[in-house]
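This structure is a prediction, so every number in the text was calculated from the model and none was measured. Hydrogens, waters and symmetry mates are skipped; everything else that's a heavy atom, side chains included, is used.
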Amino acid sequence: QVQLVESGGGPGQPGGSLTLSCVASGFTSDNYLIGWFRQAPGGAREGVSCISTTDERTWYTYSVEGRFTISRDKAKNSVYLSMNSLKPEDTAVYYCATDIDMDYAQAMHVLDYDYWGQGTQVTVSS
């Protein structure tokens with residue numbers, strides 16, 4: 001059925017860049033929210049950035065705004081997270097997830113999301 005596969009994680013230096021990719025498959029509709037969440041060691045899972053496939057609206061958590069950019073390639077059913085000016089606090093497992101109900105009011109609410117990828121590790125250290 002629905003499958004989300006992340007890639008692109010790895011080690012990074014403070015101030016450096018990484019780009020994460022998520023390939024989605026198995027959806028009945030092309031209309032959903034898709035985005036990135038992260039979970040630091042010992043921490044809770046939190047929203048990072050999401051995008052609507054309907055109108056391209058985007059959301060960012062304040063801590064990454066201006067540094068990270070979310071984008072998608074409709075033809076490839078893929079979403080990307082371009083991560084710039086990395087900080088040690090960006091260290092986490094990053095997950096791709098989708099919300100088929102498209103709740104714009106809580107676009108990055110973890111419990112609203114239906115399907116999740118396996119996660120990809122990002123480690124930012126000097």
message = Suppose we call two aromatic rings close when their centres sit under 6.0 Å apart. Are Tyr60 and Phe68 close by that rule?
response = no

Quick check on the hydrophobic clustering: are [X] and [Y] connected, directly or via other members, by side-chain heavy-atom contacts under 4.5 Å?
X: Tyr94; Y: Phe37; value: no
X: Phe27; Y: Val5; value: no
X: Ile51; Y: Met83; value: yes

query = More than 12 heavy atoms of other residues, nucleotides or ligands under 6.0 Å from CD of Gln1: is that the case?
reply = no

task = Please report the shortest heavy-atom distance between Ile34 and Leu4, naming the atom on each side.
result = CD1-CD2, 4.4 Å

request  = Looking only at non-hydrogen atoms, find the nearest pair between Tyr32 and Ala24 and report the distance.
outcome  = OH-CB, 4.3 Å

ask   = Could Arg45 and Tyr95 be counted as a cation-pi pair, given that NZ or CZ must be under 6.0 Å from the ring centre and within 45° of the axis?
value = yes

query = Does the salt bridge (charged side-chain N to carboxylate O under 4.0 Å, His left out) test come out yes or no for Lys74 and Asp30, once each step is laid out?
reply = CA-CA 9 Å; Lys74 184 177 181 180; Asp30 288 335; 5.0 Å; no

Do [X] and [Y] have side-chain N/O donor and acceptor atoms under 3.5 Å apart?
X: Asn84; Y: Ser17; answer: yes
X: Gln118; Y: Glu6; answer: yes
X: Tyr104; Y: Asp55; answer: yes

With Cys50 via disulfide (SG to SG under 2.5 Å) - residues at least two apart = none

